[in-house]
Number of protein chains: 2
Amino acid sequence: MCSPRVSISLPDTPKSARSESVLKGGKPTLRTIADITGFAVTTVSRALSNAPQISLDTRKRVHQVAAEIGYLPDRAAQRLKTGRTNVISVLLDPHEEILGYGTSLMLGLAKALKNTPYHLIVTPNFINDSNVDAIRHIVRNGMADGLIFSRTEPFDPRVRLLLENGFPFVTHGRTEFTTPHPYVDYDNFSFAYEATRRLIARGRRKPMIILPPKRMTFSQHLLHGFMTAVREAGVTYEIPTEIDLDCPVDQIRDYISRRAGQPDAPDGFACGGEVSALATITGMSDHGLTLGVEYDIVAKQTSKLLVNIQPRVETIYEDLTDTGEQMGRILLARIAGGETTDMQVLLKPQINFPAV
Amino acid sequence: MCSPRVSISLPDTPKSARSESVLKGGKPTLRTIADITGFAVTTVSRALSNAPQISLDTRKRVHQVAAEIGYLPDRAAQRLKTGRTNVISVLLDPHEEILGYGTSLMLGLAKALKNTPYHLIVTPNFINDSNVDAIRHIVRNGMADGLIFSRTEPFDPRVRLLLENGFPFVTHGRTEFTTPHPYVDYDNFSFAYEATRRLIARGRRKPMIILPPKRMTFSQHLLHGFMTAVREAGVTYEIPTEIDLDCPVDQIRDYISRRAGQPDAPDGFACGGEVSALATITGMSDHGLTLGVEYDIVAKQTSKLLVNIQPRVETIYEDLTDTGEQMGRILLARIAGGETTDMQVLLKPQINFPAV
DNA sequence: CGGCACATTTAAAACGTTATAAGTTACCTC
DNA sequence: GAGGTAACTTATAACGTTTTAAATGTGCCG
């Protein structure tokens, strides 16, 4: 059983163990590198993290060997020792299912996390609308180093919880807490303002906007932008109260259809999403109304879907992959201990003034 | 510095350490439970895993205390010791961005993984179409206990690699390897067959089907189903070669539009996705052709989007959340060491024969 | 009552990493 | 050449869990 290669066998155990470790096929550890180079495990660890106290020659050698044998630090061991998980948790909301909102964001996040030790783990929310329980669990049990979530409310309990615990996070969407916190948000005020102005510029005299549920912060932003444009132009307007952007799409279509059949129907639509724009088109067409003739739409575009199918829908772009990438970048900075300055990003809509 | 509470200080260290451990606020470990109950750490560990050698009384007591103090095993420590990661990795393909394909699947997976120690981590693929490098990395470095991916090819190199390494995985989609492997697939043959039959039953005499890229297995299934229905009915048909379902949607629309303006245009469309159905409608309407009048569509429905917007599009449903849930269930069984029997699920389309 | 099986509990080691503190040289100064 | 100080390197312990092997006690048999 004992290795027959070794002739002197008494105090030789360390050396014998060495050869063994190098020859054994198991995945390489610090120990493997230590045995190959002749340095101690500690030195190897230090060298790999480029500690200044380790001589440059040693560092080079260790890095070289590490690369050669394809060494990769064991995440579990690192996590156990340091307490850092190297995990970013994304709270997935069922509402994000549609049109790949979640997927786009995650692709962006993943891009930002590339070439870092961080992994992206998905924590879905089945229960209620605010995943505060899930967050509490993550914070209390140290399941992640940072959190990403969206659809914020002005006094979002999730944000409150995280601020209280000093836990790193970045939201997609703003809040109204006095304590600032990192976020990446789309300038929905400008979007709604600009969309509505374009409708008016095209001669539309009764714009409508379908808003997200009122409790969410960006609903207020959209409303504000819409109202500003409407008041500046002095036109009439309409805001449905029965439906919102989270409604099933057939409800939206039916509402629009019903409304189109009544007097004083809106003749311009600022749509916060591509699907609601499609629903609007279909609802209007029930009454023979044609896009670009009797009415216009300016919609927010977050995928390649809408604009390409219906070229007559004017769109303003929101780049969710870029959003995710920025959120990732900021979260990494925040985890690294950066301060909360320059960690609030408001992405401006790509405004291309219409040729009219 | 030393705890002043303890009067006898010589061989008392263990006891002192105990009180310390209980009183300290840090997150509870096995040690905490051991100190409270008076059992050894080993016993506690055993009791929590319900080892039969531990007396029932002890097990009860330990579980009770664990619940009281909210003990949760440290994932890193478990992983380090056992080698199991408790991680399921999902390979995210950029093509899954549209219409929440990926998100739906992940919601289903998460549902299956609920109340298990498994976490869902997202591994996106930026580079090429086959994430074989990502997989090799995961397998070689033990980054996960199981893998989930989709869009399989008949001799998918990813499947080959995983089979060779005996690594647990479940695919969304079948292959043609002789070695069976776990999969969950939608019966795309039946879908295409049934969709085409419905078109013909409605009196359409020249059905068209837009297929996914030929290299993917389910493309062949769709083709086969389509051809079977077409041949049974003895009608003409058309299969575009210039475009596929992965094409940008405006290309699809333009193709349909162009085709609609030529002689012998198709009058029925079997659409493998909702977006292509919308593109078809738009393309056809360029030439004044109306859905339900000059032509019909039967589409695969994977979200709440299409059918609800365009009620005149007939649909056959594919439940991606259910798919994900089944994949999760099967993967867990596979990881637990189950054999490859009963691990191949073919989900039948919900066929509601049209009233016509 | 020695011994043996059984039931239950425990001590010790290990997984791979990092942090702390302690070595080991070589070189310089007076 | 004693003493000190850089410049590197290293031994040891620890993170929290599971595993292996050993220990403890209890009852039964001859």
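Computed from a prediction, not measured in an experiment: that's the story for all the values here.
- Atom pair B:I33:CD1 and D:dT18:P shows a separation of 11 Å (rounding to whole Å applied).
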Please list each protein N or O that sits under 3.5 Å from an N or O in nucleotides 13-17 of chain D, with the distance.
| from | atom 1 | to | atom 2 | distance (Å) |
| --- | --- | --- | --- | --- |
| D:dT17 | OP1 | B:Y71 | OH | 2.6 |
| D:dT17 | OP1 | B:D74 | N | 3.3 |
| D:dT17 | OP2 | B:L30 | N | 2.6 |

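- Rounded to a whole Å, the CG atom of B:N86 is 20 Å from the P atom of C:dC15.
- Considering A:I121, A:L147, A:I335 as possible partners of A:I88, the one that fulfils the side-chain contact (heavy atoms from CB on, under 4.5 Å) test is A:I335.
- Rounded to the nearest 0.5 Å, atoms CD1 (A:I54) and OG1 (A:T42) are 9.0 Å apart.
- Separating the CZ atom of B:R84 from the P atom of D:dT18 is a distance of 9 Å, rounded to the nearest angstrom.
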List every contact pair, protein side and nucleotides 6-10 of chain D side both N or O, where the distance is under 3.5 Å.
| from | atom 1 | to | atom 2 | distance (Å) |
| --- | --- | --- | --- | --- |
| D:dT9 | OP1 | A:T58 | OG1 | 2.8 |
| D:dT9 | OP2 | A:S55 | N | 3.1 |
| D:dT9 | OP2 | A:T58 | OG1 | 3.3 |
| D:dT10 | OP2 | A:A40 | N | 3.0 |
| D:dT10 | OP2 | A:T43 | OG1 | 2.8 |
| D:dT10 | O4 | A:R46 | NH1 | 3.4 |

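- For the atom pair B:Y118 OH and B:N86 CG, the distance stands at 5.5 Å (nearest 0.5 Å).
- Exactly one residue among B:T123, B:L92, B:T171, B:D93 makes a side-chain contact (heavy atoms from CB on, under 4.5 Å) with B:F149. That residue is B:T171.
- Judged by distance alone, the side chains of A:Q326 and A:R329 do bring a donor and an acceptor atom under 3.5 Å apart.
- Side-chain contact between A:H137 and B:L72 is present, with at least one heavy-atom pair separated by less than 4.5 Å.
- Here the rule is side-chain contact (heavy atoms from CB on, under 4.5 Å) with A:I33, and of A:V41, A:V65, A:T43 only A:V65 fits it.
- Close placement of the A:H181 and A:F169 rings is indicated, their centers lying within 6.0 Å of each other.
- We find the CZ-CD1 distance between B:R158 and B:I135 to be 6.0 Å, quoted to the nearest 0.5 Å.
- Side-chain contact check for A:L48 versus A:Y71: some heavy-atom pair is nearer than 4.5 Å.
- A rotation axis mapping the C1' atoms of four pairs onto the next four is fitted at both ends of the helix from C:dC1-D:dG30 to C:dC30-D:dG1 over five pairs, and the angle between these axes is 70° to 10 degrees.
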